[in-house]
Amino acid sequence: MAYKNLHMKSVQKFLFFLLASAILFAGCIKKFQDYSQNSNQPLPGKVPPGIILKTILNSMVVYPHGDADKQCQFYCSNYTYYGTNEYWSGSASLDYGVLNNVLAMESEARRAAGNDNNPYHALGLFFRAFFFTDMTEKVGDLPVTAALQGLGNISPKYDSQHDIFKQTLLWLDSANTLLAGFIQNGFLEFSGDFYYKERLSNPLTARDALIEWQKVVNSYQLRVLIELSKRAGDAADLNIPSRFATIYNNPTQYPIFTSDDDNLEYVYNNSFNYYPNNFTNLGNDQLRVNLAQTLETTLGQLHDLRCMVLGEPARGLGFADTAYQSYVGAPSGMDLSTMAALINHGIVDANLSLLNRNHFYNPSNLAGEPTYILSYPEVCFCIAEAMNRGWITGTTETWYQNGVRAQFAFYGIVDGTNTVTLQGPAGNEITYNVHFPFDAYFNQPAVKYAGDNANGLSQILLQKYLAYARNSGYQAYYQWRRTGVPIFDAGPGTGDGGVIPKRWQYPSNEITSNGANYRAAIQSQYSGQDDINAAMWLIK
C-alpha cells in the first residue's frame, strides 16, 4: 500500500512536470513565432488593401508607343520587323482579372474596417465603372450583374450595353457620395495611391488625395456622358443631357478638374521606369517610326507649334526647319514599303516627320512626359461639346480655348516666343526661337470658333483629338468612331480590306466556357456574327 501511494505521487509529479514543460514550451514557440514574423509583411491570405490598390492603378494606364498610338493614328511603323499599322482582326483583352483584384481590395478593406464604409470601397465603385466601360466600348454587351462570382456562376448571362452604362452611372454617383462623406467626416486609413497621395512631384495628404479622386469620378462621368451622345435622344432613362448639366451646374456637390494639376496621369522617372520612347531604344526607333498624317499634317496645316514639339522637319520637302509645311505625317493606310521609301536617309532628307529626337530621345530625360488617363483638357472639350449640343449653357469658345491652352501648357508652349530644339542634318542639335502668339493662333479661320453649330463642333472635336495625342488610350479612336472627327486614313496599310473596324471580337474562351450566352449576345447585337465591322448600340 505504501509502495502504491509512493508510486502514485511519483506519477503525479511526473505528469505535473510534463504539463509545466508543455506550457513553457508553448510559450517559447509563441515568442519564437512572434519574433520571427516580419511585421512589415502581410499575413498569409491577408494583403493590405493599399498594396492591391497599386496593382489596380497600374492597370489603368495605356502606354504610348503601342497599338493604341497607331490605331488612333498618332504615329506609324514603316518597318515590318517592328510591327505594322494594321488594325486588329480578332478578340479583345478584357479586364475581369483586374476587377477580381478590385473585389479582393474591397474585401481586405472590409475585413480591416468592419464594413464597406471606407475609401477603398468608394474607389472600387469607380474602378467597376472604369473597367466595365473600357470593356463594353471594345465589344458591346457583357456579363456584369452575374459576373465575378467565381464557381458560383461559371456561365454568366450578358447585360445589354444600355444597362451596363446605366449601372456605370449609378456606380459613379455612389462613389461621389461616399468620397464626399469621407472628405467631410474623416476615415480610418488610405494608402497605396501613387497617382495623388504618393505621387513623385507633389505628394498629398490622404484627405487631399480623396478630394482629387472625387474630381476624377465626376470628370470621368462627363467623359461617359459625352460618349453616350448618340443615345441622348432615345435613352430617356439615362438622362444624359440632364445628368451632364447637374454635374456642371453643381461644382460643390460634383467637383471636377479645374487645371492640369488635377490630371489623372502616369508619371515616369529617370531611374528605372522610363517613358516608352527614350534614348535607350533610339537605335530601334529613329528611322523605323514616324508621325501619322492625321496628327502631324493636321498640326502643320493649323500652324500649330505642337508639330515641332512632336516631330522633326521633313527636310526632303525643301522648306525651312521652322516652316509649318515641313511637318508632314504619313497616311496610316499607306503601304509600309512606300512609307519606308519616303524616309530616304532620315533626318537629312526625309519626306516624312520622324519623332522629335530632343523631345522623346533626350538622354538626360528618360522620364519623358506623363501619360494621361483622364485630363483637364479633355474635361474642357467635353464641356465645350455639351454647350455646342445645347445640354448646358455658357460661352463655348471659352472652354474650347481653355482646353487648347491647357494642352499647350502640357508641352511647355507659352504665349509668345518659344525655344524649339531639332536634330540638325549632321546629327547635331539646332535651337530655334519661334514666335507663337496665342491670339494669332486662335484667330486663324480654321481655328477661330465657328459658333454652336456643326462646324464649331468639328473644331472642338479636332482639338480634342489633338489633345489626346499619345495619351488616354483608345479615346481618340472612340471619338472617331462616335463622330467621324477627324477623318481617319484607311488603305492597304491599315488592313481589314481598307476598312477601319468598329469593335473587337469577344475572347475566344467565351465560345467554349459560356457558349449559349455568347451566341445569344452576338445574335441580339450583330445578327449572329461576331463582326469587327459591326456597329454596337453605343454608336448606332
Side-chain angles (χ1 to χ4, degrees), residues 95 99 122 124-147 157-180 214-251 253-257 374 378-379 381-394 452 457 460-461 464 472 474-475 477-484 502-503 521 524-526 534-540:
D95 300 311
L99 286 161
L125 296 173
F126 166 71
F127 293 140
R128 284 173 174 81
F130 183 90
F131 288 111
F132 272 117
T133 296
D134 176 69
M135 293 192 292
T136 191
E137 288 208 284
K138 288 179 178 176
V139 296
D141 296 357
L142 283 169
V144 176
T145 54
K157 185 179 179 180
Y158 283 55
D159 294 88
S160 71
Q161 192 168 58
H162 167 278
D163 289 348
I164 294 171
F165 278 106
K166 188 173 183 177
Q167 180 61 67
T168 288
L169 295 170
L170 290 174
W171 279 328
L172 293 170
D173 275 343
S174 297
N176 175 64
T177 300
L178 284 174
L179 287 169
Q214 190 184 15
K215 294 178 184 179
V216 169
V217 167
N218 296 311
S219 298
Y220 181 74
Q221 189 163 183
L222 296 185
R223 170 194 281 184
V224 172
L225 292 167
I226 282 293
E227 290 179 3
L228 286 163
S229 66
K230 294 183 81 69
R231 301 274 68 89
D234 61 11
D237 59 330
L238 298 184
N239 301 312
I240 295 165
S242 62
R243 277 180 180 269
F244 197 105
T246 296
I247 295 170
Y248 175 73
N249 291 322
N250 295 277
Q253 185 178 357
Y254 297 99
I256 60 174
F257 290 172
L374 182 66
E378 180 182 349
V379 169
F381 292 122
C382 285
I383 292 171
E385 181 175 347
M387 288 180 176
N388 180 285
R389 293 182 181 278
W391 296 1
I392 55 177
T393 59
D452 292 343
L457 179 59
I460 293 167
L461 294 171
K464 190 178 183 184
S472 305
Y474 279 96
Q475 289 307 126
Y477 162 78
Y478 294 148
Q479 177 182 285
W480 165 83
R481 184 179 66 179
R482 174 175 66 94
T483 68
K502 292 184 174 67
R503 58 179 293 273
S524 66
Q525 297 175 93
Y526 311 120
M536 59 182 65
W537 172 84
L538 180 66
I539 61 168
K540 282 183 178 178

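We count residues from 1, following the sequence as given.
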Original post:
Rounded to the nearest 0.5 Å, what separation is found between the CZ atom of Phe165 and the CD atom of Glu137?
Top reply: 5.0 Å
Original post:
Does a side-chain heavy-atom distance below 4.5 Å link Asp134 with Lys138?
Top reply: yes
Subject >> Pairing of Glu385 and Arg482 as salt bridge, 4.0 angstrom limit >> reply: yes
**OP:** Check the angle between the aromatic planes of Phe131 and Phe127 and answer parallel, tilted or perpendicular using the 30° and 60° thresholds.
**Re:** tilted
**OP:** Can you label the angle between the Tyr220 ring and the Phe126 ring as parallel, tilted or perpendicular, going by 30° and 60°?
**Re:** perpendicular
Original post:
Do the side chain of Gln214 and the main chain of Pro255 share a donor and acceptor less than 3.5 angstrom apart?
Top reply: no
Original post:
Does the side chain of Gln475 come within less than 4.5 Å of Glu227's, by heavy atoms?
Top reply: yes
Original post:
Under 3.5 Å, is there a donor-acceptor pair between the side chain of Thr133 and the main chain of Phe130?
Top reply: no
**OP:** Work out which heavy atom in Gly140 is nearest to a heavy atom in Thr136; give both atom names and the distance.
**Re:** O-OG1, 2.6 Å
**OP:** Please confirm whether the backbone N or O of Gly124 pairs with a side-chain atom of Arg128, one donor and one acceptor, at under 3.5 Å?
**Re:** yes
Original post:
Between Arg503 and Tyr526, is NZ or CZ placed under 6.0 angstrom from the six-membered ring centre and within 45° of the ring axis?
Top reply: yes
Original post:
Can you name the closest pair of heavy atoms from Ser174 and Leu125 and give their distance?
Top reply: CB-CD1, 3.7 Å
Original post:
Can you tell me how far CE of Met387 sits from CG of Leu457, rounded to the nearest 0.5 angstrom?
Top reply: 14.0 Å
Original post:
Do Gln525 and Ser160 come close enough that some side-chain heavy atom pair is under 4.5 Å?
Top reply: no
Original post:
Once you round to the nearest 0.5 Å, how far does NE2 of His162 lie from CG of Asp234?
Top reply: 8.5 Å
Subject >> Spacing of CG belonging to Leu142 relative to CG belonging to Asp95, to within rounding of 0.5 Å >> reply: 10.0 Å
**OP:** Output the distance between atom CG (Asn176) and atom CG (Asn218), rounded to the nearest 0.5 Å.
**Re:** 4.0 Å
Original post:
With ring centroids as reference points, do Trp171 and Phe132 lie under 6.0 angstrom apart?
Top reply: yes
Subject >> Residue pair Thr246 / Gln253, side-chain heavy-atom distance below 4.5 Å >> reply: no
Subject >> Test applied, side-chain contact (heavy atoms from CB on, under 4.5 Å); reference residue, Gln221; option that passes from Leu172, Ile256, Thr168 >> reply: Leu172
Original post:
Below 4.5 Å, heavy atoms only, C-beta onward: do Leu99 and Met135 meet side chain to side chain?
Top reply: yes
**OP:** Taking all heavy atoms of Ile164 and all of Asp159, pick out the closest pair and write down the distance.
**Re:** CD1-O, 3.7 Å
**OP:** Mind checking the NZ-CG spacing from Lys502 to Leu538? Nearest 0.5 Å is all I need.
**Re:** 13.0 Å
**OP:** Evaluate the side-chain proximity of Phe381 to Ile226: yes if any heavy-atom separation is below 4.5 Å, no if none is.
**Re:** no
Subject >> Nearest heavy-atom neighbours spanning Leu225 and Trp391 >> reply: O-CH2, 3.6 Å
Original post:
Any idea which heavy atoms bring Ala175 and Ala122 closest together, and the distance?
Top reply: CB-O, 3.5 Å
